[in-house]
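Here the structure is laid out as structure tokens; the discussion comes afterwards.
In what follows, every chain begins at residue 1, and chains take the letters A, B, ... in the order their sequences are listed.
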There are 2 protein chains.
Amino acid sequence: MIAKKSKVSIIDVAQKAGVSPATVSRVLNKTARVSPELTKKVLSAVNELNYVPDPFAHGLKTKRTKSIGLIISDITNPFFPELARGVEDYVSSVGYSLILCNTDAKVENEKRYVELLLNKRIDGLMFTSLRVGEDVIKSLLSDGVPCVLVGRKPENIEGLIYVVTDNYKGGCIAGEYLFKLGHKRFVHVSGPLDNSAGRERLAGFIDALKKHKVKGKNIKVIEGDFTMEGGYRSAREILRLNPLPTAIFFANDAMAIGALQRFWEEKISIPDVFSIVGFDNIKVSSLVSPPLTTISQEIYKIGQLSARELIKIIEGEKGEPIVLEPKLIERRSCRCIK
Amino acid sequence: MIAKKSKVSIIDVAQKAGVSPATVSRVLNKTARVSPELTKKVLSAVNELNYVPDPFAHGLKTKRTKSIGLIISDITNPFFPELARGVEDYVSSVGYSLILCNTDAKVENEKRYVELLLNKRIDGLMFTSLRVGEDVIKSLLSDGVPCVLVGRKPENIEGLIYVVTDNYKGGCIAGEYLFKLGHKRFVHVSGPLDNSAGRERLAGFIDALKKHKVKGKNIKVIEGDFTMEGGYRSAREILRLNPLPTAIFFANDAMAIGALQRFWEEKISIPDVFSIVGFDNIKVSSLVSPPLTTISQEIYKIGQLSARELIKIIEGEKGEPIVLEPKLIERRSCRCIK
DNA sequence: CTGAAAGCGCTTACAG
DNA sequence: CTGAAAGCGCTTACAG
């Protein structure tokens with residue numbers, strides 16, 4: 001039987017159990033020792049009456065809602081569903097709810113949501129983009145609002161917990177891999193460069209190539225935006241390059257897939273013309289053709305871990321920053337040209 | 001400036017404005033006439049103090065949270081992000097929040113979420129799958145919980161509002177199209193047949209073919225499950241058929257894409273060997289190769305409309321069922337064999 | 001360990 | 001139209 005809108009209150013339970021409401025509250029919240037006998041009586045009364053505490057009354061005192069907000073740019077970007085799923089699975093396993101907020105990475109929207117969520121007395125906030133600016137987070141933090149940052153490191157915010165993949169290393173792996181395949185001319189379509197994840201992937205890629213003495217003029221960087229549409233557009237820019245590169249590293253899969261579509265339309269065969277590496281390993285990257293070689297992040301796990309840390313913080317424990325390892329996933333979008 | 005956890009209460013506002021708390025409440029909630037002078041005083045006090053009503057105290061009386069629950073099987077299934085985005089955009093535009101619930105289409109999970117959401121005093125529920133069974137919805141409805149069903153018609157629930165695409169017609173369009181292309185042997189990989197959307201797409205497809213005198217033995221039906229993995233598995237079954245079909249209609253794009261992957265692995269060239277039609281027109285269907293011909297639903301719009309109807313109901317208006325038209329989107333996965 | 005009572009911050013009959 | 005007061009259903013000092 002599904003719960004009806006319950007009308008039984010803590011007073012009913014107290015009466016049935018022959019104790020005071022205070023005692024009922026204490027056993028339910030484990031907020032003080034109660035003798036085993038009374039505990040038992042209370043519990044069975046709760047059961048019989050199918051009592052569920054009223055969240056409003058509860059919250060009025062405790063200020064807790066058992067919900068967290070997840071702020072993302074767009075759930076329609078294939079990176080986020082996996083992340084959201086990881087988050088939701090974890091929070092729901094501990095009795096919390098997930099409120100989804102799409103901001104399209106716009107400052108105003110992000111601000112609006114943060115206010116809305118705060119006004120609704122959300123228990124914690126998970127940021128993936130951070131358009132509001134680090135100052136806002138700082139003030140949130142100093143107001144005691146639990147926050148975690150997902151997918152990149154905070155630049156200069158003391159004590160902000162984050163969960164990321166080692167983006168610099170991921171960039172290195174991509175560079176290393178393409179170099180070993182014998183490529184000489186590279187393009188990197190980066191993420192937005194106001195974003196540390198984007199900058200680190202770029203830096204890693206370049207450093208790896210430099211280590212092998214690839215000259216600067218053979219490494220072009222095009223600033224991208226992490227969207228499919230952006231990737232599609234970048235493909236056109238790439239095709240204008242002279243000489244053409246033979247290897248392209250996209251800072252995420254979404255852009256790589258957008259570009260792949262463009263190349264397909266132009267009848268440019270991949271990997272014959274260009275070898276392509278993405279980043280993220282989103283689900284679709286194995287479904288496009290050719291299946292995309294990519295640097296994988298464990299997106300689902302990032303979601304879970306972020307949720308775990310956030311809830312730790314909410315419940316008064318100390319969270320800890322987490323850095324996961326990127327991994328090369330070889331599929332069909334690259335070829336060896338040695 | 002982002003709101004701090006506000007400590008100003010309705011009493012502070014009342015004092016500043018020189019009125020009673022009741023008056024403040026009345027102007028804020030527009031729940032009774034208040035003279036223009038007092039209204040003005042209250043409003044400016046509210047502004048100066050940056051007052052935001054406490055949702056707990058408010059809810060304790062009104063029982064409203066301004067949040068709704070969206071129950072889906074899996075946000076990772078590419079149909080749902082677009083839907084969720086439509087829902088979220090609408091609800092956030094009217095000050096509500098969206099709570100995301102992934103059930104993997106399992107009864108227990110669905111039940112658990114419904115209870116959880118009810119206990120949290122969610123204002124309304126949006127169902128996409130309906131594993132809990134129609135009885136549960138019936139009792140929800142009779143308890144006065146606002147609900148809407150998305151993506152299919154309720155079978156025998158009086159007064160349940162729904163938003164759907166005309167699935168039967170969609171099936172017809174697919175059948176008609178493949179027949180006109182000259183195909184003679186068809187396979188339909190259906191949705192789950194305990195689901196009316198699945199059954200209707202199937203029925204439309206078959207009826208269209210029968211209308212053209214296609215014989216029953218030339219139409220095979222394989223029951224699917226609307227997942228990519230399911231589509232992938234169905235491809236193997238199809239390849240065992242003798243004689244092979246020349247046309248396949250998948251009841252959704254996710255399954256078609258799963259099958260496409262399998263065919264790619266087996267080096268079976270599409271559309272040379274099979275002509276394939278999907279259903280939904282999810283975003284990725286234009287990115288796979290070949291780009292998928294499909295019967296489109298306006299997923300984002302379905303989300304928006306569902307949200308609109310749900311909120312109507314929550315706010316005491318009457319919702320209305322909505323049926324949208326399916327449309328054929330021709331891409332590259334079919335060929336004419338006449 | 002337990003209970004009586006105050007109080008969280010609103011809303012809403014009830015009077016006027 | 002406006003205010004004083006009760007009450008929504010809990011939690012938590014305060015006593016004992």
Spacing between B:K61 atom NZ and C:dT12 atom P, to the nearest angstrom: 7 Å

Spacing of B:D54 atom CG relative to D:dG9 atom P, expressed in whole Å: 17 Å

Among D:dC1, D:dT12, D:dT2, the nucleotide that comes nearest once only the side chain of B:R33 is considered: D:dC1

Rounded distance in Å between the P positions of D:dA13 and D:dG9: 23 Å

Side-chain N,O (A:S35) to OP1/OP2 (C:dT2) below 4.0 Å: yes

OP1 or OP2 of D:dG9 under 4.0 Å from side-chain N/O of A:H58: no

B:S306 side chain reached by B:I302 side chain, heavy atoms, under 4.5 Å: yes

Nucleotide D:dA4, atom P - distance to CD1 of B:I10 in whole Å: 14 Å

Distance in angstrom units between B:K30 NZ and C:dT11 C1', rounded: 16 Å

Sub-4.5 Å side-chain heavy-atom contact between A:V87 and A:I68: yes

Atom-to-atom span, CG of B:L28 to C1' of C:dT11 - whole angstrom: 12 Å

Candidates D:dC10, C:dC8, D:dA4 - which lies nearest the side chain of A:S9: D:dC10

Spacing of A:K63 atom NZ relative to D:dT11 atom P, expressed in whole Å: 13 Å

Contact list for DNA chain D against residues 12-21 of chain B - heavy-atom distance below 4.0 Å: B:V19, B:S20

B:T23 vs D:dG3: side-chain N/O to OP1/OP2 distance below 4.0 Å: yes

Contact check, side chains of B:L310 and B:V91, non-hydrogen atoms, under 4.5 Å: no

Sugar-phosphate only, base, or nothing, as touched by B:S25 at under 4.0 Å among non-hydrogen atoms: base

d(NZ, B:K40; C1', D:dT2) in whole Å: 19 Å

Side-chain heavy-atom pair A:I322, A:E309 within 4.5 angstrom cut-off: yes

A:R64 CZ to D:dG9 P, straight-line distance once rounded to whole Å: 23 Å

G-U wobble or Watson-Crick pairing nucleotide for D:dA15 (cut-off 3.5 Å, both distances): C:dT2

Within 6.0 Å of NZ in A:K16, more than 12 heavy atoms from elsewhere: no

Proximal nucleotide (of D:dG3, C:dC1, D:dC10) relative to the A:A57 side chain: D:dC10

SB check B:R85 B:D89 (cutoff 4.0 Å): yes

A:K120 and B:S67, any side-chain heavy atoms less than 4.5 Å apart: yes

